[in-house]
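All chains are named by letter (A, B, ...) in the order of the sequence lines, taking the proteins before the strands, and each is independently numbered beginning at 1. All values reported here derive from a predicted model rather than from experimental measurement.
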2 protein chains.
Amino acid sequence: MSTSLVRGRYVICEAGVDAQSSRVIPDGAIFQRDGVIESVGPYDEIKSAHQADPADVELGGAGFVVIPGLVNAHHHGRGVSTFQMGCIDDCLETWILSGWGRRPFDHYLMTVYTAIQMIESGTTTTMYNHAQTPASGLADDLSEVLRGFADTGMRTAFSVYFRERNRVVYQDDQQFIAKLPGDLAESLQRFLSAVNLSEEEYFSVFRSLHQEYAGRPESRVTVLLSPSNVHWVSDDFLLRTKEEAARSNTAIHIHLVESLYQKEYGMRTWGHTPVAHLNTLGFLGPEVSCAHSVWLTDADIDIMAGSGATVCHNPSSNLRLKNGIAPVNAMLAKGVNVALGTDSTALNDDDDMVQEMRLAAKLHRQPGLQQPALNSHQALRMATANAARPTSWQDKIGVLEPGRFADLVLLDLDAMTEPYMDADIDVVDTLLYRGKASHVDTVMIQGEVVVRDGTFIKMDKSEVLREIKEQFSRPVEGQALEATRLAQGLTPFVQEFYKDWGKAEIAPHYGYNSRV
Amino acid sequence: MSTSLVRGRYVICEAGVDAQSSRVIPDGAIFQRDGVIESVGPYDEIKSAHQADPADVELGGAGFVVIPGLVNAHHHGRGVSTFQMGCIDDCLETWILSGWGRRPFDHYLMTVYTAIQMIESGTTTTMYNHAQTPASGLADDLSEVLRGFADTGMRTAFSVYFRERNRVVYQDDQQFIAKLPGDLAESLQRFLSAVNLSEEEYFSVFRSLHQEYAGRPESRVTVLLSPSNVHWVSDDFLLRTKEEAARSNTAIHIHLVESLYQKEYGMRTWGHTPVAHLNTLGFLGPEVSCAHSVWLTDADIDIMAGSGATVCHNPSSNLRLKNGIAPVNAMLAKGVNVALGTDSTALNDDDDMVQEMRLAAKLHRQPGLQQPALNSHQALRMATANAARPTSWQDKIGVLEPGRFADLVLLDLDAMTEPYMDADIDVVDTLLYRGKASHVDTVMIQGEVVVRDGTFIKMDKSEVLREIKEQFSRPVEGQALEATRLAQGLTPFVQEFYKDWGKAEIAPHYGYNSRV
């Protein structure tokens, strides 16, 4: 049995949609026992209620603000970023290609590093979406990733994405290959075969992991299903996923209209949007979360709202990969549950969710007095309560209240407000305008302190960095070099393929500037 | 006589528009004598050329990247931010009102604090635009601001803005006042009278400062003219400014179509855009720099390009104050000189130009393979060479080359690239993707080291913060409280005034999302 009492000048128990609906306790405290919150309230009350049974440790104090641990609702790992591995931000469709030549890496080390980075900046849960790797090594890779998360203490909603078609451009792989010069065609054929995974293998891996972790509620892991995107799998696979999710009582994570071209693929293929297509299939529902969702039309937003699906908004990634700005204000107005994630491509290339919340808060401020603007409460809610929903811990994280896990973060409020802060300013605004990852002082996951004085304490981060450095100093192997050459060779063909795409008229959700 | 040799693994001498046009020296060095760069080149060459006459000190080394000192091209001071003083981000027109109730502050201390913040994050020059204060105290306020900049060593392009009409809404002050209830009208009348400044007084203050600093080239100060915005002064004042600038051989800084409503004011008043109006007056020219410039039409951009005027882009401020996203890509395509500034309203509320460069670089990435996207070189150029132009030190700062001032910054490249960086990635990309203010190690202004090991060394920052804290702990005085009440009383009338504004059709420069 282990208990702690966590005190803050403010405890932000739950972010609402405005100052009225947010629940904030001035000079508040949380009492947790064995990782579960037992009580939340004014410090004096909580303290005196436990006079006979005092907490093992007392944390925080008047210099801190306590918030629910942040939830990164869309993430692909990669502590050493894609950029660091040599991929310049580009249009999604060519950027993905450039990533083919990434050097292989140690899944355990990379997971540990990415988890430490996230935890030190206040993230306690991540929705990790594993990039499909060859069937031969998949089970080993997954177990290394899961071991990495486990060793850091990170709570993880875990999925492996499945991608079986239209893998180079938004066209059947064999049709695309048929138009390539012989050597390039052969090289591509080889590359694609190597990453092939059958549907049976996919579901078998899912079931085995899901079963394992469903039986270990203490594991901090849930296992989700993940068709990579509408156009990257068959309709049949989407339906099988939906059935499997119902059978296993788990959730589904999918990418959706991330780029303009993905929307156009729908229009060209089915004569309607990818969202309308998913709707026709009966795929959408409250168990489904959709990353990106940039190119949603008004009608799509109505469908999403009606289905109860979650959108995982990725503002940094959407800008970096030339995908645009998702119409978050329109989604919120219709009642869509919008969560927030970095997609391993955050503004500062560091998976900092504090910065990501701020970017979201500032990006969705539509010009004009009567036009909507995301407020600080909504932005924090997107990274906490809203983001909890698609993780399968909807009632267990994202809010600080009795019965939920003690996943929480203490930030240095004195540093945040130095040298002055107007007394009338709401603490949620203070956090969203001025909070930085560097203000994170203490992080607790399921009652366990994993960051103290801003430093991760479960492992030696410098040792992790040293090992990564050592591994990355070795020369790149033949296979990665071949993939790099392949990607470079394919790029002009990919550009040629899309040359007539993206010409349709658009009518913006947000009026950010005007040619007339 | 004082000399130094500054070495970097890379010396970024000049940011161009792409990797080809940027000038970067691997293992480079700069030799400066008495604040002026004498030579730039490979370290070995520079070192051996000075064998007989070695530098007094040698700075930097293989762990650093050296860049030209950053130039913040639009700034209003205020180390304690408007937010910290109680103003929540809002639509520009109501946000300005909320600022009326700001507590008075010590101009010297606030200037010192804002300068230290900027310098520690790599800014060596700021275009400071002073908010008009009553004639009675103006000269004293200005001398305190100038003393503050001088004591920190910050290079300053200094201007006082002039605002004489349409000060509450975009309508004649007396017409607006006539529709207010008696007490509010009286209170507003009093408030406006108190900040009145005559044109004669304005030009007299300008001439005296300009003369003083023109005679002191060692002062690190240039003095500019500044009509606040097209609609805030008379056409006659704009023309007088233009003449005075020619006579004094100085530059002009103005706000321009910052908000949608400012553009609409032009359409309602003159039947054409504010830019077209300035063009009709013959006001624009290479000596003119225009902050914001968000609501430029295609025709406006052609006018701006033809005039040789500079646009000072303020991405954070434009988002925060609900003004939108300036069409920077369209401006650059037409050859407009675009500079960068924080407007004292940076993304993280801290005037960090490294973060501002990154925000700019990520914000202007239009969806679609063939659509333009700002690259890292252009973003760095906007904060260096392009930003130098409107400061009146066009040939003296922004680029590291012989004859220019030794204004430069060393950033910790090892920290920026930890634990790995692909060898093929350009150093300008590395800086723009991963550089942070916290990587700033050394800052030199005119040969003087003002930051060492990341810390400002000319003054004790903690003492400055302590003094500000002490001053701000005093109760707010009667005048500020009255202004707060006035602003709160006026807000509904301002909202009512604009209720039919902002209804015109727009056609976006950037296709970031679409309703259809």
Side-chain angles (χ1 to χ4, degrees), chain A residues 80 83-86 88-89 91 93-94 259-260 294-295 297-298 316 319-320 322-327 347-349 358-359 362-363 365-369 371 373 417-422 424-425 429 433-434 436 465 468-469 472 495 498 502 505-516, chain B residues 80 83-86 88-89 91 93-94 259-260 294-295 297-298 316 319-320 322-327 347-349 358-359 362-363 365-369 371 373 417-422 424-425 429 433-434 436 465 468-469 472 495 498 502 505-516:
Chain A
V80 174
F83 170 72
Q84 285 173 285
M85 294 207 210
I88 292 280
D89 290 352
C91 203
E93 285 73 14
T94 41
S259 77
L260 176 59
V294 180
W295 291 91
T297 64
D298 280 339
S316 292
L319 290 174
R320 290 183 59 177
K322 293 188 85 184
N323 290 319
I325 299 175
L347 182 64
N348 295 335
D349 214 41
R358 178 163 309 126
L359 179 63
K362 301 312 177 190
L363 201 53
R365 300 182 58 75
Q366 297 175 235
L369 273 162
Q371 293 295 315
T417 55
E418 188 184 59
Y420 174 74
M421 195 68 225
D422 184 279
D424 291 337
I425 292 286
D429 279 321
Y433 281 65
R434 298 187 55 86
K436 293 186 180 183
L465 288 169
I468 292 177
K469 252 179 213 160
F472 274 76
Q495 287 165 339
Y498 290 113
E505 277 294 297
I506 63 164
H509 287 279
Y510 296 175
Y512 274 145
N513 52 38
S514 181
R515 307 180 59 182
V516 294
Chain B
V80 174
F83 170 71
Q84 286 173 285
M85 293 207 211
I88 293 281
D89 290 353
C91 202
E93 285 74 13
T94 41
S259 77
L260 177 57
V294 179
W295 290 91
T297 64
D298 280 338
S316 292
L319 290 174
R320 290 183 60 177
K322 295 189 81 183
N323 290 319
I325 298 175
L347 182 65
N348 295 335
D349 213 41
R358 178 164 309 124
L359 178 64
K362 302 312 177 191
L363 201 53
R365 300 182 58 74
Q366 297 175 234
L369 274 162
Q371 293 296 315
T417 55
E418 186 183 61
Y420 175 73
M421 195 68 230
D422 184 278
D424 292 337
I425 292 287
D429 279 320
Y433 282 65
R434 298 187 55 84
K436 293 187 178 181
L465 288 169
I468 292 177
K469 250 177 214 161
F472 274 76
Q495 287 165 338
Y498 290 113
E505 277 294 299
I506 63 163
H509 287 277
Y510 296 175
Y512 273 145
N513 52 40
S514 181
R515 307 180 59 182
V516 294

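Ranked by heavy-atom pairs under 4.5 Å with chain A, the list B:A373, B:G86, B:G324, B:S514 is led by B:S514. Chain A forms more heavy-atom pairs under 4.5 Å with one residue of B:D89, B:I468, B:I506 than with any other, namely B:D89. For the options A:N348, A:L260, A:V80, heavy-atom pairs under 4.5 Å to chain B are most numerous at A:N348. The candidate with the highest count of non-hydrogen atom pairs below 4.5 Å against chain B, out of A:R320, A:K436, A:E93, A:M85, is A:R320. In terms of heavy-atom pairs under 4.5 angstrom with chain B, the leader among A:S259, A:S316, A:P419, A:P327 is A:P419. Interface summary for chain B: among A:T94, A:L359, A:V294, A:L347, the most heavy-atom pairs under 4.5 angstrom belong to A:L347.
For A:L465, the parts lying near chain B are the backbone and the side chain together; criterion is any non-hydrogen pair under 4.5 Å. At a 4.5 Å heavy-atom cutoff, the contact between B:I425 and chain A is made by side-chain atoms alone. Both the backbone and the side chain of A:E418 have a heavy atom closer than 4.5 Å to some heavy atom of chain B. Residue contact with chain B, scored on non-hydrogen atoms closer than 4.5 Å, involves the backbone and the side chain of A:Q371 alike. With a 4.5 angstrom heavy-atom cutoff, A:N323 touches chain B only via backbone atoms.
The distance from the CG atom of A:L363 to the CG atom of B:L319 is 6.0 Å, given to the nearest 0.5 Å. To the nearest 0.5 Å, the span separating CG on A:N513 from OH on B:Y512 amounts to 8.0 Å.
In this structure, the side chain to side chain contact (heavy atoms under 4.5 Å, CB included) partners of B:T417, at least two apart in sequence or on a different chain, are B:L413, B:M421, B:T430. The ring pair (Phe, Tyr, Trp, His ring centres under 6.0 Å) check on A:Y433 picks up B:F83, with sequence neighbours excluded.
In summary, of the residues considered (A:R434, A:R358, A:K362), a salt bridge (Lys or Arg N to Asp or Glu O under 4.0 Å) with B:D349 occurs for A:R434 alone.
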(request) Could you give me the CA-CA distance, side-chain angles and deciding distance for B:R515 and A:D298, then say whether side chain to side chain contact (heavy atoms under 4.5 Å, CB included) is met? (result) CA-CA 5 Å; B:R515 307 180 59 182; A:D298 280 339; 2.8 Å; yes
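Considering all non-hydrogen atoms of both residues, A:C91 and B:G368 come closest at SG-C, 3.9 Å. Pairing each heavy atom of B:W295 with each of A:G511, the nearest pair is CH2-O, 3.3 Å.
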